[in-house]
Amino acid sequence: MAGTPAPPAAPPKPTWDPQTAPGGPRPWLRPTIRIRLTLLYGGMFLIAGIVLLSIIYLLAAEALDKGNALPFKLLEGSFRPTSSTCPNLTDRTFENHEEFNAALEVCMDYQRQLALDNLLRRSLLALLGLSVAAFAFGYAMAGRVLSPLGRITRTARRVVGSDLSRRIELDGPDDELKELADTFDEMLNRLDRAFDAQRRFVANASHELRTPLAINRTLLEVQLSDPGAGPELTQLGKTLLATNERSEQLVEGLLLLARSENEIVDRKPVDLAEVASQAVEQVREEARGKGVELRGERRLAVVLGNGVLLERVALNLLQNAVRYNVPDGWVEISTGQWEGGASLVVSNTGPVVPAYELENIFEPFRRLRSERTGSDKGVGLGLSIVRSVVRAHGGHVSAEPREGGGLVMRVTLPV
């Protein structure tokens, strides 16, 4: 429209991601406790072996130095070499016995050094072999010592919100690891009792809160259907009926939020494209009334999960995108799949949203530019339910400002 100023550009998005920051730990170089214990055991053995080898070498050198001293001196006679290890005695003519005695001492020193070199070489080879064996033995022993920790870790991974019956029940001596396992089992017992209490509370609240609201709605509808009711009474009834409807939505949202906090155990194949199409049909009338165009390419994206809850995710995102939009705007919902994951993306036109205001957008009863809910666009639980359901499916949901105004909501789920 002529004369309408263009919306301001969205603020720049942060480009730094802590998960991809340089210098982060690489999975293949993860310093596990087992590797560190192996290096510690092997390193201590290697140091002890080097020290022991040095002591043996020094003692052998001292013994050979004292033991190789000749207890005699040759005054006259002849000799015949029995080995070629002393080149100064082989094929050589001595003019006198003193020259021969000096050559004999040099030969003994040579034999001593040869014996020490042979001892050192063989000792180093033996130390190398024993070091390899020590590292392998240390790795095996570290695995045996840390096996209770692995059992604790596996049990913790299998524990889910709807199945807290698993226990470690570690046998063996009453040491620190058994104490840790017993403490973990006690914590699971308390969590199990807490979740049971929560489930009972949700079931009771579902009945106790819905019943009076349903009665109020029925009474108000009966009163509004009375043709003899005055205009003021009719207006009051409509106001009370709208308030009652808002309370019902709030109760339903709170109950769904409480149920969706637990991880989904019974999973079935669900096509996100079909889920998104069902959600689009439910909001089509509301979008048409607000002049918002619904579009997007929905490709096959099959995940394992709960179809009803995933449809609620798509519905909540679409309802937010339609209600917080601009006249003649649009909402685009698309699905896709890649190796290891699938995505559902909802983007829309709308007012410019600063990136810093998205920090608490998924918290209950929070809205943009206000800390508490206070409009007729919802009860402030839609995105909280989205995050809870996505987390229960092992996925991730994120929001980022769209250039030109509006938001891009991205849901990623494992396949």
Side-chain angles (χ1 to χ4, degrees), residues 146-172 174-214 247-268 270 303-313 315-316 359-366 371-373 378-398 411-414:
L146 295 175
S147 59
L149 288 180
R151 185 173 174 182
I152 294 174
T153 302
R154 289 190 296 271
T155 302
R157 286 176 178 173
R158 292 175 185 149
V159 169
V160 292
S162 58
D163 182 16
L164 291 172
S165 60
R166 298 180 182 272
R167 299 294 182 270
I168 300 173
E169 297 178 353
L170 185 64
D171 300 327
D174 190 13
D175 54 7
E176 291 84 356
L177 291 177
K178 190 174 187 306
E179 183 179 0
L180 175 62
D182 293 341
T183 303
F184 190 79
D185 286 342
E186 183 180 355
M187 181 189 66
L188 290 179
N189 288 329
R190 297 184 63 181
L191 286 175
D192 196 9
R193 292 194 297 268
F195 272 89
D196 284 339
Q198 181 190 24
R199 282 190 289 266
R200 289 194 300 270
F201 171 78
V202 170
N204 294 332
S206 175
H207 175 74
E208 297 296 334
L209 294 176
R210 286 172 175 171
T211 301
L213 291 174
S247 299
E248 287 181 332
Q249 293 177 359
L250 177 60
V251 170
E252 291 291 338
L254 288 173
L255 293 177
L256 181 59
L257 181 60
R259 293 194 191 101
S260 61
E261 288 290 340
N262 299 334
E263 183 174 346
I264 306 300
V265 178
D266 187 16
R267 298 172 180 248
K268 297 180 181 179
V270 179
V303 298
L304 293 178
N306 185 293
V308 176
L309 292 178
L310 290 177
E311 183 178 335
R312 187 60 181 264
V313 168
L315 180 60
N316 285 1
E359 182 179 358
N360 299 320
I361 192 174
F362 294 100
E363 296 298 326
F365 307 110
R366 299 278 179 170
E371 293 187 354
R372 304 291 294 181
T373 58
V379 295
L381 292 174
L383 293 182
S384 300
I385 294 174
V386 168
R387 182 179 63 178
S388 298
V389 172
V390 172
R391 284 182 176 178
H393 284 79
H396 176 71
V397 58
S398 62
V411 174
T412 57
L413 297 172

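Because the structure is predicted, anything quoted here is derived from the model rather than measured. Because only heavy atoms are used, hydrogens play no part in the values below, and waters and symmetry mates are left out as well, while side chains stay in.
- To the nearest 0.5 Å, atoms CG (Leu315) and CG (Leu309) are separated by 12.5 Å.
- Leu213 is linked by a side chain to side chain contact (heavy atoms under 4.5 Å, CB included) to Asn244, Ser247, Glu248, Val251, counting only residues two or more places apart in sequence or in another chain.
- Closest approach of Leu413 to Val390, counting heavy atoms only: CD2-CG1, 4.0 Å.
- At a cut-off of 3.5 Å, with distance as the only test, a side-chain donor of Arg312 or Asn316 sits close to an acceptor on the other residue.
- Considering only heavy atoms from C-beta on, Leu149 comes within 4.5 Å of Leu180 through its side chain.
- Residues Gly394 and Pro414 come closest through the heavy atom pair O-CD, 3.5 Å.
- The CG atom of Leu188 lies 11.0 Å from the CZ atom of Arg193; values are rounded to the nearest 0.5 Å.
- Inter-residue side-chain proximity for Leu310 and His393 is flagged as met; some heavy-atom pair is nearer than 4.5 Å.
- Heavy atoms only, all atoms of each residue included: Phe362 and Ser384 are closest at O-OG, 2.9 Å.
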